[in-house]
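These notes are about the structure you will find just below.
Given the structure is predicted, the values throughout are model-derived calculations rather than measurements. Remember, it's 1-based here, ligands and their atoms both numbered in the order they're listed. We're numbering straight along the sequence, starting at 1.
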Amino acid sequence: MIRFNKALRDIKIYEAGKPIELVVREFGIAAEDVVKLASNENPLGTSPVVQQAIIDNANKAHLYPDDSMFELKTVLAKKYQVHEENIIIGAGSDQVLEFISRAVLDESASVLMSAVTFAMYEIYAKQMGAKVLRTMSYEHKYDEFIEAYEMRKPKIVYLCTPNNPTGDATSKEEVLKIIREIKEETLVVVDGAYMEYAAAKDRAYAVTPGDLIGFGNVIYLGTFSKAYGMGGMRVGYGIGQKNLIGELYKMRPPFNISTLSLAAAIAACEDKTFIDTTIAVHSEQIKRYEDFAKARGLEYIESYTNFITYVLPQHIDATMVSDRLLQKGVIIRNLTSYGMNAIRITIGTQEQNDRFFQHFLEVLS
Ligand SMILES: *Cc1c(COP(=O)(O)O)cnc(C)c1O
């Protein structure tokens, strides 16, 4: 019998959104009739500009990518008004989270996060044997964070804004207020996976790397997986002061994103039209979800992301709703495992959303 690292005993495997293939297999629904609104992917698909960059680089798949990733760092540095040495690239911002965890944590450490937030923070912390502390609320409340921070002195504080899976955001003012209370020995991670959506909705909720670069113990995380529509390419980044980034580099395997991913990300940065269209479609469509909820007295959390969370009344079970929708070929996220009787729906295209509303109404009646 192999004796696995004892830290593993306490880890629950990350539950990813169900793939379209599973619904085809289990319920015999044709792939084109399945609507996947479960993983916060961009419903417009991959930008044609990015697709072209992938095609143009297909003949370089035998070459390792430029391991310095200089060109991508240069465009990101320009975009965010920082220097190349402030940036580390990961296979998704998930990989940067892993670098952070391994660089900072050990068995004597603890990490602090909100009551309901991105599941990977806990998993990476537990891999290192660290203890996971949570505040009472899913919102990032100053008082709750500072009280827990002062009592427990965690080595990492996670601020996920906008927050996944709830969709709410913390204002820039509040984020900075929390950061200013936290001493240099604690790393603050500001996870901005949905920041493009927050910025489009309300500037007061948009935190930029530039707002944070003055703090030596803060790292900002961004990703190409959400607004940029590149979840399948696996590219994300961390931005912080040079010393911090230098330490994270010690955890990075060489060539950690592919030649095609690198080319795709560089092209994506230049492709503002796609982001503008993404935001325009999203703003129009999310309104339909808000109106739908208001018209039926359903509770929802005001969203700063590309998804919306409906909090269901007690007599409507979120697991039942999710299972019935799945049988009809609509994949959404059941938040029961987060301790909420709620469902999270990624905002889709007009047609996808039509299908969701149609089937959701059938399930409700
Ligand atoms: C999607 C997501 C990420 C990371 O996604 P990657 O595809 O690994 O870049 C990080 N944080 C949050 C909150 C997310 O929702």
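- Scored by the ring pair (Phe, Tyr, Trp, His ring centres under 6.0 Å) test, Phe118 finds Tyr121 as partners (sequence neighbours excluded).
- Aromatic ring pairs are classed by plane angle as parallel below 30°, tilted from 30° to 60° and perpendicular above 60°; the pair Tyr64 and Phe255 is parallel.
- Annotation for Lys242: atom NZ does not count as buried by contact number, only 12 or fewer foreign heavy atoms lying within 6.0 Å.
- Both the sub-6.0 Å distance and the 45° axial angle are satisfied by Lys153 relative to the ring of Tyr149.
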Distance-only donor-acceptor pairs under 3.5 Å for side chains of residues 86-100, two or more places apart:
| unit_1 | atom_1 | unit_2 | atom_2 | d |
| --- | --- | --- | --- | --- |
| Asn86 | OD1 | His83 | N | 2.9 |
| Asn86 | ND2 | Gly240 | O | 3.0 |
| Asp94 | OD1 | Tyr124 | OH | 3.0 |
| Gln95 | OE1 | Ala91 | N | 2.7 |
| Gln95 | OE1 | Asn256 | ND2 | 2.9 |

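- At a heavy-atom cutoff of 4.0 Å, ligand 1 is surrounded by Gly92, Ser93, Asp94, Phe118, Cys160, Asn164, Asp191, Ala193, Tyr194, Thr223, Ser225, Lys226, Arg234.
- Pro19 meets the side-chain contact (heavy atoms from CB on, under 4.5 Å) test with Glu21, Leu22; sequence neighbours excluded.
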